[in-house]
Student: 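Can you read through this structure? Questions will come right after.
What you see is a predicted model; the values in this text were computed from it and never measured. Counting convention: from 1, in listed order, for ligands and their atoms alike.
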Amino acid sequence: MTQFVASIIWCLGIATWLAIRWPHRRRARKTKIVAHRRSAGERVALGLTILGLVVVPLTWILTDLVEFADYPFSPIQGWIGAALMIAFLVMFHLSHAHLARNWSVTLELRANHELVDTGVYGRIRHPMYTSFWLWGLAQLFLIPNAFAGATGLASIAWLYFSRVGEEEEMMRAHFGEAYEAYCGRTGRLLPKFTANE
Ligand code: SAH
């Protein structure tokens, strides 16, 4: 694999990410919100993810502004990056498909919000965030630049750590014991396999 092919794979990954998200975004606009925890910090975190995962790598591909941090590309890193990009897209698609009308880009509860605990949510509480970490890793491998390769992971870390506690608190406040029990049988980012199954 060449550096050029790795950049094409990155671009195709971004296009597929947008295509997967599009119908969910449209449906979400039509589904009533009954509670939310949107904040200025939340908006900043979302803005930073777009910057770190899309704008910076695109700048690296299209300009020589961050060329100073380039390092030699190795084909194996391109293959690893491609595999991570596919894993990201599969996980991203599954989390949207299984969360369905309960999905939001931010922290919101919709009318008749259901606690989803099946499919990819059966063993993992935050599969979409798992997919985001995979996306950040894919970028690290596909973009051979110490700065533009790493900004994705940095912005994911910011979003994840600033948001996951607040999101779980919102879910606990709404679903009470049911969410508490759900937390007990799932892992945050990696599947939990309990002994008594
Ligand atoms: N953190 C989840 C979902 C991200 S989308 C993941 O990583 O897969 C964010 C919205 O999903 C939140 O506003 C919350 O209302 C909703 N949500 C999160 N977990 C949920 C679940 N198990 N069932 C239903 N809705 C959920």
Student: Considering only non-hydrogen protein atoms, determine which one is nearest to atom 16 (C) of ligand 1 and report residue, atom name and distance to 0.1 Å.
Tutor: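 Nearest protein contact, heavy atoms only, for atom 16 (C) of ligand 1 is Asn102 O, 3.8 Å.
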Student: Within the structure provided, determine whether Pro144 and Trp60 are in side-chain contact (heavy-atom separation under 4.5 Å).
Tutor: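 Contact flag for Pro144/Trp60 side chains = yes.
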Student: So Tyr179 and Tyr182, would you call those rings parallel, tilted or perpendicular, with 30° and 60° as cut-offs?
Tutor: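 Geometry flag for Tyr182 against Tyr179: tilted rings.
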Student: Check if Glu114 has a non-hydrogen atom at a distance under 4.0 Å from any atom of ligand 1.
Tutor: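 Contact check Glu114 vs ligand 1: positive.
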Student: Can you find a pair of side-chain heavy atoms, one from Asp70 and one from Asn145, that are under 4.5 Å apart?
Tutor: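 With C-beta onward as the side chain, the pair touches.
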Student: Please verify whether a non-hydrogen atom of Ile124 lies at under 4.0 Å from ligand 1.
Tutor: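 Checking ligand 1 against Ile124, which is what was asked, there is no heavy-atom contact under 4.0 Å.
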Student: Relative to the ring of Trp135, is the ring of Trp17 parallel (under 30°), tilted (30 to 60°) or perpendicular (over 60°)?
Tutor: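 Rings of Trp17 and Trp135: tilted, 30 to 60°.
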Student: Within the structure, does Glu167 bring an N/O atom to less than 3.5 angstrom of an N/O atom in ligand 1?
Tutor: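 N/O-N/O distance below 3.5 Å exists for this pair.
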Student: I'd like to know if the side chain of Asp64 reaches the main chain of Glu67, judged simply by a donor and an acceptor atom lying under 3.5 Å from each other, with no hydrogens or angles considered.
Tutor: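 Looks like no, no N/O pair under 3.5 Å.
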Student: Considering only the protein, which heavy-atom contact is closest to atom 26 (C) of ligand 1, and what is its distance?
Tutor: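 Result: Met171 CE, 3.4 Å.
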Student: Do the non-hydrogen side-chain atoms of Arg38 and Ile33 ever get within less than 4.5 Å of each other?
Tutor: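 Heavy-atom side-chain distance check passes, below 4.5 Å.
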Student: State, with a plain yes or no, whether a side-chain heavy atom of Thr151 is found less than 4.5 Å away from one of Gln139.
Tutor: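 SC-SC contact between Thr151 and Gln139 confirmed.
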Student: Enumerate the atoms of ligand 1 whose separation from the nearest heavy atom of Leu107 is less than 4.0 angstrom.
Tutor: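 Ligand 1 atoms under the 4.0 Å threshold to Leu107: 13 (O).
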Student: Please list the nearest protein heavy atom to atom 25 (N) of ligand 1 with its residue and the distance rounded to 0.1 Å.
Tutor: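 Minimum-distance protein heavy atom for atom 25 (N) of ligand 1 reads His113 NE2, 2.8 Å.
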Student: Pick one of side chain, backbone, both or neither for how Tyr121 approaches ligand 1, counting any non-hydrogen atom pair under 4.0 Å.
Tutor: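 Answer for Tyr121: side chain.
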Student: Whether the Arg27 and His24 side chains hold a donor-acceptor pair (N or O, under 3.5 Å, no angle test) is what I'd like checked.
Tutor: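 The criterion, which ignores hydrogens and geometry beyond distance, is satisfied for His24 and Arg27.
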Student: Just need the protein heavy atom nearest to atom 9 (C) of ligand 1, so name the residue and atom and give the distance.
Tutor: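 The closest one turns out to be Ser104 O, 3.5 Å.
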Student: How far is atom 11 (O) of ligand 1 from its nearest protein heavy atom, and which residue and atom is that?
Tutor: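 It is Leu99 CD2, 3.6 Å.
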Student: With only distance considered, is Met128 within less than 3.5 Å of ligand 1 through an N or O on each side?
Tutor: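 Indeed, backbone or side chain, Met128 has an N or O that close.
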Student: Report the part of Arg110 (side chain from C-beta onward, or backbone N, CA, C, O) that has a heavy atom under 4.0 Å from ligand 1; answer both or neither where that applies.
Tutor: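 No part of Arg110 is near ligand 1 at this cut-off.
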Student: Of the protein's non-hydrogen atoms, which lies at the shortest distance from atom 15 (O) of ligand 1, and what is that distance?
Tutor: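 I find the closest protein heavy atom is Glu108 O, 2.6 Å.
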Student: Would you say Phe175 and Val34 are hydrophobically clustered, going by side-chain heavy atoms of ILVMFWY under 4.5 Å?
Tutor: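 Looking at the clustering, Val34 is in the same group as Phe175.
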Student: Angle class for the His174/His113 ring planes (parallel below 30°, perpendicular above 60°, tilted otherwise)?
Tutor: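 If you compare the ring of His174 with that of His113, the planes turn out perpendicular.
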Student: Is Trp103 close to ligand 1, meaning an N/O of one under 3.5 Å from an N/O of the other?
Tutor: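 Among all N and O atoms of Trp103, none is under 3.5 Å from an N or O of ligand 1.
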Student: Hey, does His36 sit under 4.0 Å from ligand 1 if you only count heavy atoms?
Tutor: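 His36: no contact with ligand 1 (<4.0 Å).
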Student: So which protein heavy atom does atom 23 (N) of ligand 1 come closest to, and at what separation?
Tutor: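 Here the nearest protein heavy atom works out to Val116 N, 2.8 Å.
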